[in-house]
Peer 1: 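Dumping the structure here so I can ask a few things about it.
We count ligands from 1, going down the list as the structure has it; atoms in each ligand are counted the same way.
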Amino acid sequence: MNPPTAPILRVAVPAPLRRLFDYLPPAGVDATKLPPGIRLRVPFGRGQVIGVLLEVVRESDMPASRLKPVTEILDARPLLDAELLDLLRWASRYYQHPIGEAIQQALPAALRKGAPLRPQGVPRFRPTAESLETDPETLKRAPRQQILLAHLRPHPEGLTPGQLDELGFAWREPMKRLMARGLILREAGACLPAPRPDPRPGPTPNADQQAAIDAVEADTYHACLLDGVTGSGKTEVYLRLIERTLAAGRQALVLVPEIGLTPQLLERFRARLATPVAVLHSGLNASERLCAWQAAARGEAGVIIGTRSALFTPLARPGLIVVDEEHDLSFKQQDGFRYSARDLALVRARNLDIPIVLGSATPSLESLENCRRGRLTRLHLPARAGEAAPPAFRLLDVRGQKLQEGLSAQLLASLEAHLAAGNQALVFINRRGFAPVLMCHACGWHARCRRCDAHLTVHRQHRRLRCHHCGSEQPLPPVCPDCGSTELLHMGFGTERVADFLAARFPDVPVLRIDRDTTRRRGALQAMLERIHAGGAQILVGTQMLAKGHHFPNLTLVALLDADYGLFSADFRAAERLGQLVLQVAGRAGRAEAPGEVLIQTHHPDSPLLRSLLRQDYARYASELLAERRQAELPPCTHLALLRAEAVDAEAPTAFLREARQRAEALGSEGVQIFGPMPSPMERRAGRIRAQLLLQAHDRAPLQTLLSPWLQTLESLPAGRRVRWSIDVDPLEMF
Ligand code: ADP
Ligand code: ZN
Ligand code: ZN
């Protein structure tokens, strides 16, 4: 029995429960000396899990006799410092996500699984494959080498000089001989490529860039929106600000969209900066990620560049945060811990009292509204830097026109002209696959997903029908399954169909299709981008993937085949997304000397939205949209939270949400409007029926006040056990 005043360890464990768990320290450990942020292996449920210590307290809600001791203390020093723990606690509260799971997201997988932090910047001596086959007898004339090798052989990961010193004999001389025999390999400890000895100077900033650079305060929290058209030199501004940060002996954290982290961008950073650049993205393996993470935490990397989750990288000497393409949806995690890395970056910068720059050619309405309210300082780069002139925009009215696989004669003529001039062209379609609908000409049957309210997409090359919502697939039927007719029509166009058509139409021109299907393999996208740069592809057909940050100097034509879908969507953000997409894709055109042209095919050439985009005045376009949002009381002028529920049982989601609504009302939901339960826009998905409850408030405060106690009660609601439910605070997708 522990006396009631004995210290108790309060631990965040990886479980979907909105609370911490209490444990006793292991026998003989002075718990008051344990720092928050270390990992502990603890008994949980029927097994063991790895949690993170958050507090050492004196009292528990549980009687001490029922508390279990910690199994193992994994770290001597905290993995997550106080600053990051605070950020995670804040995020867990704000997004209403269990703290244990939030912390898991912040840790590289290797650490999550209990891997030790490896000492780095320290060489390691490890046995080679050859040494394992060597008969120790061959070393019997060199007993010290024999002992040393015998000691190293059980350590394939290698030992550090410090560990070898513990052997208590002079190991360096025999080690040299073992290395000379090829039995031991010495590995340098650093895991980051060393910086270039001769960083290239950048261009002299122009007046707008200099004004932007000077406006960002260096030593305090200052949140800025760098609003500049594509090619206006935003990246140059980041680089200058980073140089300034490095000169002050501090680190910069740069967040980029998932697909924006291209080799070219990385190369540009590495070429310019005299510091190791650590990279964190989803394509890394566990040890690469751990290495980059540690280099950031120890201050070895001056710049950390990564996608969404890189926000949670510990920084030894933080000095600046940059969020490039801040409007990009990939900064918001769409499942599990539904945080916005952009929004949390602002919180982190404020906590750290350092400057933060959000950059975009097409800022989110959220950020523009924040500028209007004085929360962000708007820095403006109105013109392209360097030589490039803005591209010319043209709407192609395709009403009544004969289209060939979705392309008008005008568009094909332009394409031909650009190709004849030896330039590259990009054809953009928002849909992958061959055709979005397969229909029987004889009886009207069409291929639908059995598990979703959705059509199956034809993928002709692989002869499959695939559901883009649940991933289920089946072979392409040779005849109509209803009437047996062989006349099956492919309705509509996807990237595959357009690429096939263009390859047939321009047989001498290399066509490259870039979408999720063609880039699934690791490294595939990079290989394609390299091919484009080498001039090995003249026509690019692709989806959003191509809209981001790429720089193709020879690309002079951008054609958008179906901008109309953005005009009539039920999603209130559709117009914002359309504008961002059109201007971002257009930003790929004419980035170097050759002038660029942007063609937009439409059946609605008089649409005010498209007309407005034609002026290439995003600021005006956005302020019109913002006025509409204000009128309609939609974000960013109001704040939303979405409670989603899904189940195989069609009644269960609504029953749960109805009860959830009652609980909210019982808690007193003043200042919060509740809508629903209502079916989700796609009601059936992956065999489950889905419904949602929408909470809306003019101010965040009453919404936040309601959410915490409400979710606590939802966790224990019996109706909640019959559904899968989740809360999304500041949702970006409404389905
Ligand atoms: P953004 O990030 O806004 O798209 P970049 O920083 O990539 O713009 O700049 C676009 C191009 O213009 C790049 O090739 C860059 O080297 C060049 N550039 C940027 N600033 C200048 C400048 N001040 N003088 C000359 N060229 C510049
Ligand atoms: Zn049929
Ligand atoms: Zn499906």
Side-chain angles (χ1 to χ4, degrees), residues 200-213 225-242 254 256-257 260 262 264-265 267-269 271-272 322-326 357-363 379-390 436 438-457 464-474 477-489 547-553 583-584 586-593 596 618 682-688 690:
R200 253 180 283 150
T204 307
N206 61 35
D208 294 320
Q209 286 170 320
Q210 194 60 53
I213 294 161
L225 175 69
L226 182 59
D227 177 358
V229 297
T230 23
S232 60
K234 295 185 294 299
T235 310
E236 275 306 316
V237 172
Y238 306 150
L239 285 165
R240 295 278 166 178
L241 291 171
I242 291 168
V254 181
V256 296
T262 58
Q264 299 108 277
L265 181 73
E267 181 44 37
R268 196 166 160 194
F269 272 66
R272 275 288 290 285
V322 171
V323 182
D324 189 27
E325 311 283 5
E326 64 84 27
V357 177
L358 312 180
S360 177
T362 54
L379 312 172
H380 193 209
L381 302 181
R384 284 189 170 191
E387 306 298 306
L438 180 70
M439 189 175 89
C440 172
H441 190 49
C443 76
W445 167 88
H446 46 196
R448 297 186 62 85
C449 179
R450 257 178 247 119
R451 310 169 67 216
C452 306
D453 294 331
H455 283 107
L456 292 170
T457 300
R464 309 289 286 176
L465 284 171
R466 291 196 184 125
C467 176
H468 288 184
H469 303 281
C470 71
S472 62
E473 54 177 277
Q474 59 195 70
V479 297
C480 171
D482 270 12
C483 75
S485 163
T486 52
E487 261 195 279
L488 293 177
L489 305 179
K548 307 205 176 141
H550 306 292
H551 178 87
F552 306 128
L583 294 178
Q584 291 285 344
R588 305 305 124 221
R591 306 233 328 160
E593 300 73 37
Y618 180 78
M682 183 183 289
E683 190 173 6
R684 202 165 52 97
R685 183 167 167 171
R688 294 167 168 274
R690 308 152 77 232

Peer 1: If you measure from each non-hydrogen atom of P205 to ligand 1, which part falls under 4.0 Å: side chain, backbone, both or neither?
Peer 2: backbone
Peer 1: Does any N, O or S atom of H468, backbone or side chain, fall under 2.8 Å from the Zn ion (ligand 3)?
Peer 2: no
Peer 1: Is the shortest distance from a Lys or Arg side-chain nitrogen in R268 or E236 to a carboxylate oxygen in the other one below 4.0 Å?
Peer 2: yes
Peer 1: Would you mind listing which atoms of ligand 1 come within a distance below 4.0 Å of any non-hydrogen atom of N206?
Peer 2: 23 (N)
Peer 1: Looking at D453 and R684, would you say the former's side chain and the latter's main chain have a donor-acceptor pair under 3.5 Å?
Peer 2: yes
Peer 1: If the cut-off is 4.0 Å to any non-hydrogen atom of T204, which atoms of ligand 1 fall inside it?
Peer 2: 22 (C), 23 (N), 24 (N)
Peer 1: From C483, does some N, O or S atom reach closer than 2.8 Å to the Zn ion (ligand 2)?
Peer 2: yes
Peer 1: I'd like to check V229 versus R384 (side-chain heavy atoms, cut-off strictly below 4.5 Å). Are they in contact?
Peer 2: yes
Peer 1: Backbone, side chain, both or neither: what part of S232 comes under 4.0 angstrom of ligand 1, heavy atoms only?
Peer 2: both
Peer 1: I'd like to check D482 versus C440 (side-chain heavy atoms, cut-off strictly below 4.5 Å). Are they in contact?
Peer 2: no
Peer 1: Is the closest side-chain heavy-atom distance between I242 and R272 below 4.5 Å?
Peer 2: no
Peer 1: Does V237 approach ligand 1 within less than 4.0 angstrom via side chain, backbone, both or neither, non-hydrogen atoms only?
Peer 2: neither
Peer 1: Does any N/O atom on T235 come nearer than 3.5 Å to any N/O atom on ligand 1?
Peer 2: yes
Peer 1: Kindly report the SG-the Zn ion (ligand 3)-SG angle for C452 and C470 respectively, rounded to 10°.
Peer 2: 110°
Peer 1: Could you tell me whether G228 and ligand 1 have an N or O pair separated by under 3.5 Å?
Peer 2: no
Peer 1: Report whether any nitrogen, oxygen or sulfur of H469 sits less than 2.8 Å from the Zn ion (ligand 3) (N, O or S, backbone or side chain).
Peer 2: no
Peer 1: Report, rounded to 10°, the angle at the Zn ion (ligand 2) between the two atoms SG (C480) and SG (C443).
Peer 2: 110°
Peer 1: Do the non-hydrogen side-chain atoms of V322 and L226 ever get within less than 4.5 Å of each other?
Peer 2: no
Peer 1: For ligand 1, indicate whether the residue L381 contacts it via side chain, backbone, both or neither (heavy-atom separation under 4.0 Å).
Peer 2: neither
Peer 1: Side chains of P363 and L358: does their closest heavy-atom pair fall under 4.5 Å?
Peer 2: no
Peer 1: Using a 4.0 Å heavy-atom threshold (strictly under), name the region of R268 that reaches ligand 1: side chain, backbone, both or neither.
Peer 2: side chain
Peer 1: Taking non-hydrogen atoms only, is R384 closer than 4.0 angstrom to ligand 1 via side chain, backbone, both or neither?
Peer 2: neither
Peer 1: Roughly how far, to the nearest 0.5 Å, is CG of L456 from NE2 of H469?
Peer 2: 9.5 Å
Peer 1: Taking the side chain as everything from C-beta on, heavy atoms only, tell me whether D324 gets closer than 4.5 Å to Y238.
Peer 2: yes
Peer 1: Under 4.5 Å between any side-chain heavy atoms of P481 and W445, yes or no?
Peer 2: yes
